[in-house]
Amino acid sequence: MIRPLCLLSIVWLFAGLAGARDFTDDAGRVIKLPDRIERVYAAGPPASVLVLALAPDKLIGWTRAFRANEQAFLPTKYAELAELGRLTGRGNTANSEVVLKARADLIIDIGATGGTYVSLADRVQAETGIPYILLDGRLATLPQQIEKLGRIVGAEARAKELAGYTARTFDDIQSRLAKIPAERRPDVLYARGPQGLVTGLGGSINVEMLEWIGAKNVASGQLGNGLAQIGFEQVVLWNPQVVITNDPNFFREVWAKPEWAVIRAVRDKRVYLSPNLPFGWFDYPPGANRLIGLKWLANLLYPGEFKYDLAKEVETFYTMFYLQKPSVEQVAKILGEPGVLPK
Amino acid sequence: MLAVSLSVGRFSISLAELISLLWAAASGTTAHAPDNADIVLFNIRGPRIVAAFTVGAALAAAGAAYQNLFRNPLVSPDILGVSSGAALGAVVGIFLSLPVVMIQGLAFAGGLLAVCAIYTIGERIRSHDPVLTLVLAGVVIGSLLGSGVALTKYLADPYNQLPAITYWLLGSFAGVTRSDLAIALPVIAIAMLPLILLRWRINLLALPDDEARALGLNVPRTRLIVIAAATLMTAASVAICGIIGWIGLVVPHAVRLLVGAEFSRLLPLAMIIGGTFMLAIDTLGRTIAQIEIPPGVLTAAVGTPVFIWLMTATLRRRA
C-alpha cells in the first residue's frame with residue numbers, strides 16, 4: 001500500500017517541478033508538455049505550414065530550404081529560417097542530433113499516425129528527451145488540427161481565427177455540394193509525372209481532395225492506397241471528364257499527343273494544372289495549404305455552383321496563413337500560369 | 001503471341017474486330033469496331049507491343065554477345081555501365097523537370113557516355129587481361145554512377161520528383177508512343193546488324209585472345225564493334241522504357257541450355273525468345289489489373305521458376 005503511494009508522490013513531485021501539463025496526441029500517446037514552448041521543430045511540411053500560420057516566431061526551421069520563386073510568398077525572416085531536414089515521411093534527412101542541436105522544446109508531426117510514425121516518435125523522444133507530438137493530418141480534421149496546435153503552442157486566439165475560416169470554407173463548399181446530384185459529379189483522373197501515367201488510388205493522400213469534394217476518382221476501387229503506374233488503355237476506358245495534373249511539362253504536351261486527343265477531358269479542354277507556390281494546392285504537401293486548392297477545385301469541377309473570385313480568395317488565404325499579403329503580380333503569376341484556370 | 005497480345009488488354013477488342021480494324025487500316029475503309037478501338041490499337045497497344053518485343057530481343061541479343069565476349073555467363077548488358085549511365089541521365093532530366101523527350105535523350109546519352117568512359121579507361125590501362133580490366137572499370141564506374149543517382153534522388157523534391165524517378169527506375173512500357181518508336185527502332189535495328197553479320201567472329205571471341213588471333217581475328221576491333229552495338233541497343237531500349245533487368249542476363253543463358261554456346265545459333269533464338277518473353281510479360285502486366293504491374297516484378301516472378309525448371313531438365317539430361 002505504501003509503494004504505490006510513494007510512486008505517486010514522486011511522480012506528482014516531478015510533474016510539479018517541471019510544471020508539465022499532459023497532452024494526449026492523436027496516436028493516443030500521453031505526452032508531458034513543457035511549460036514554456038518557444039522553439040518548435042516541425043517534423044514534416046504539413047506541420048511546418050501550420051506552425052508558420054499559428055506561431056511563426058516559434059518555428060525554428062524548415063525541413064527543406066525554399067527555392068527562390070517560393071520564398072517570395074513568405075515574410076523574408078521566416079522564409080530564411082534554417083534548413084533542418086525532415087524526420088518523417090519520404091526521404092528522412094534529419095536525425096536526432098539535428099533536433100537536439102536546434103534546441104527544440106517540442107517536435108510536432110502532422111500526418112499519418114500509424115505504427116511506423118508512433119515508433120519513430122517514441123524513439124526520437126526517448127533519444128532526445130524532447131516531447132514529440134503526432135497529430136492526425138486528414139483534410140477533414142483540419143479545424144481540429146489547428147485548434148489543438150493552437151493550444152499546444154499557446155496561440156489560442158490565432159487558432160480560433162484560422163479554424164473558424166477553415167470551418168466556414170468547409171461548410172460553404174459542403175452545403176452547396178449537397179445539392180449536386182451524383183450524375184453531375186465529374187469523373188476525374190489525377191495524372192502525375194512527366195507522362196501523366198502515375199495516379200493516386202482510392203484512399204491515397206494524393207486524391208484526398210477529390211474524395212472530399214465529392215468527385216469520382218476514376219482510379220478508386222483499386223488495390224492499395226498510394227500512387228500507381230497506369231497504362232494508357234486504362235485511361236481510354238476510364239475516359240475521364242476532367243484531368244488534374246501537377247506536371248507543367250505534361251500539361252504542355254498533352255494537347256499534341258494523338259493518343260490523349262480521344263479523352264473527354266482533352267476534347268473539352270478540361271485538363272488543369274495545380275499551382276504549387278509556395279506550397280502545392282492539390283496533394284503535396286498534405287497540409288493546410290490545400291485549403292485554397294479546395295476553392296480552386298470547386299470552381300473547376302462544378303462551374304455552375306461555384307464562382308469563387310480566386311484572386312480575392314488567394315489574397316485572403318495567403319495573408320492569413322502565410323502572413324504576407326501577396327502582390328497583384330504574385331497572384332497573377334499563380335493564376336496566370338497556363339492550365340490553372342479554364343480558358 | 002502477337003495476335004493474343006494485340007487482342008487482349010484493358011480495352012477489349014475481339015479477334016473479329018481486330019481483323020476488321022487491320023483490314024480497314026490496310027484498305028482505308030472504316031471498321032466495325034467500338035469507338036476509339038483504332039486509337040487503342042494503332043497508337044497505344046500496337047507501339048507498345050512492338051516496343052516490348054524489340055526491347056526484349058535487343059536486351060537478350062546484347063546479353064548473349066556480352067556473355068560471349070566476357071567469357072562469363074553471369075554478365076548482363078549493363079556490365080559496362082550502360083544502365084547506370086542511362087539511369088543517371090534520366091534521373092537528372094527528371095530532377096531538372098525537363099520534358100519527356102529530353103529525359104529520354106539524356107538517358108540515351110548517359111548510357112553511351114558511361115560506356116565510352118569505361119571503355120577508354122579499360123584501354124588506357126594496359127594489362128595482360130583487357131577483358132578483366134574492362135569489367136573492373138565497369139563495376140567501379142557503375143557504382144559511381146549509382147551514387148550519382150542516389151544523390152539526385154536525395155536532393156529531389158520528395159513529393160513530385162522522387163515518385164517520378166522511382167517509377168522511371170522501375171521501368172515500364174506504359175508510356176511508349178509511336179514517336180518514341182520512330183527514333184528508337186532504327187537505332188536498335190542498325191545496332192543489331194553488326195551482331196548478326198559478325199556472328200561467326202563473335203563466336204571466336206569466346207576463345208582466349210591468342211587463339212582467336214591465331215585464327216585470324218582482329219580481337220580488339222571485333223570487341224569494340226560488339227560493345228558499340230550492344231551499347232547502342234541497350235541505351236535506346238532503356239531510354240524509351242526505363243531499366244528492365246533479368247532478360248539480358250537470363251534469356252541468353254536459358255537459350256544456351258537449349259541450343260549450346262554456338263553464337264550463330266544462340267543469337268537468333270535469344271532474340272526470338274527474349275522478345276516473346278518480354279511481350280508476354282508486358283501483356284500480363286497491362287492486363288491483370290487496372291494498374292500496371294512493373295515488368296521488372298513479373299520477369300523475375302515468372303521467369304525464375306521457368307529457368308529453374310529448364311536448368312534441372314537440361315542439366316539432368318546431360319548428366
Side-chain angles (χ1 to χ4, degrees), chain A residues 44-45 63-64 67 85-86 89-93 192-201 205-206 218-224 226-239 245-250 252-253 256-263 274 276 279-280 282-286, chain B residues 8-13 34-45 47-48 90 93-94 97-104 153-168 170-180 242 282 285-287 289-295:
Chain A
T63 52
R64 183 174 73 94
R67 295 172 184 180
R86 50 190 289 154
R90 283 180 225 260
N92 303 344
T93 50
R192 287 176 64 91
Q195 295 177 314
L197 291 178
V198 170
T199 194
L201 303 178
I205 198 89
N206 308 85
V218 290
S220 64
Q222 294 301 305
L223 225 62
L227 292 173
Q229 172 99 47
I230 46 170
F232 195 78
E233 274 183 46
Q234 190 58 56
V235 180
V236 175
L237 271 188
W238 282 330
N239 203 3
T245 183
N246 68 340
D247 195 301
N249 286 317
F250 171 71
R252 264 196 299 277
E253 289 171 11
K257 287 187 177 171
E259 61 275 14
W260 279 89
V262 301
I263 305 297
S274 67
N276 59 0
F279 303 103
F282 188 76
D283 59 349
Y284 277 136
Chain B
V8 301
R10 301 304 313 167
F11 193 101
S12 56
I13 300 177
D35 277 358
N36 293 341
D38 51 339
I39 300 275
V40 166
L41 196 62
F42 297 115
N43 282 3
I44 302 161
R45 200 178 290 170
R48 194 169 169 167
I94 296 171
S97 299
L98 298 177
V100 179
V101 185
M102 303 279 284
I103 295 172
Q104 290 171 335
K153 285 168 82 172
Y154 190 73
L155 294 175
D157 169 5
Y159 293 130
N160 295 327
Q161 293 169 340
L162 198 54
I165 291 175
T166 309
Y167 282 104
W168 194 90
L170 271 176
S172 171
F173 291 97
V176 177
T177 60
R178 272 162 78 163
S179 49
D180 296 337
D282 183 53
R286 68 184 163 83
T287 46
Q290 285 188 14
I291 59 172
E292 297 264 327
I293 314 292

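Chain identifiers are assigned alphabetically (A, B, ...) following the order of the sequence lines, protein sequences preceding nucleic acid strands; residue numbering begins at 1 within each chain.
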How many angstroms lie between [atom1] in [X] and [atom2] in [Y], if you round to the nearest 0.5 Å?
{"X": "A/Trp260", "Y": "B/Asn43", "atom1": "CH2", "atom2": "CG", "answer": "13.5 Å"}
{"X": "B/Glu292", "Y": "A/Thr199", "atom1": "CD", "atom2": "OG1", "answer": "12.5 Å"}
{"X": "B/Leu41", "Y": "A/Glu233", "atom1": "CG", "atom2": "CD", "answer": "9.0 Å"}
{"X": "A/Ile230", "Y": "B/Arg286", "atom1": "CD1", "atom2": "CZ", "answer": "15.0 Å"}

If only atom types and distance count, is the side chain of B/Tyr167 paired as donor or acceptor with the main-chain N or O of A/Gly193 below 3.5 Å?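 Answer holds: no.
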With a 4.5 angstrom heavy-atom cut-off, is it the side chain or the backbone of B/Arg48 that approaches chain A, or both, or neither?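 Contact with chain A is through the side chain of B/Arg48 alone.
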Let me see the working for A/Asn249 and B/Val100 under side chain to side chain contact (heavy atoms under 4.5 Å, CB included), right down to the final yes or no. CA-CA 8 Å; A/Asn249 286 317; B/Val100 179; over 6 Å; no
Quick check on A/Pro248 against chain B: is it the side chain, the backbone, both or neither that has a heavy atom closer than 4.5 Å? neither
State which residue, out of B/Val176, B/Ile44, B/Val40, fulfils the side chain to side chain contact (heavy atoms under 4.5 Å, CB included) condition with A/Phe232.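 Of the listed residues B/Val176, B/Ile44, B/Val40, the side chain to side chain contact (heavy atoms under 4.5 Å, CB included) partner of A/Phe232 is B/Ile44.
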Pick from B/Gly175, B/Ser97, B/Pro99, B/Ala174: which one has the most heavy-atom pairs with chain A under 4.5 Å? B/Pro99
Does some side-chain heavy atom of [Y] sit less than 4.5 Å from a side-chain heavy atom of [X]?
{"X": "A/Gln229", "Y": "B/Leu170", "answer": "no"}
{"X": "B/Asp157", "Y": "A/Arg67", "answer": "yes"}
{"X": "B/Pro163", "Y": "A/Val198", "answer": "no"}

Yes or no on side chain to side chain contact (heavy atoms under 4.5 Å, CB included) for A/Lys257 and B/Thr177, after CA distance, side-chain angles and deciding distance? CA-CA 9 Å; A/Lys257 287 187 177 171; B/Thr177 60; 5.5 Å; no
Walk me through whether A/Trp238 and B/Gln290 qualify under side chain to side chain contact (heavy atoms under 4.5 Å, CB included). CA-CA 10 Å; A/Trp238 282 330; B/Gln290 285 188 14; 3.2 Å; yes
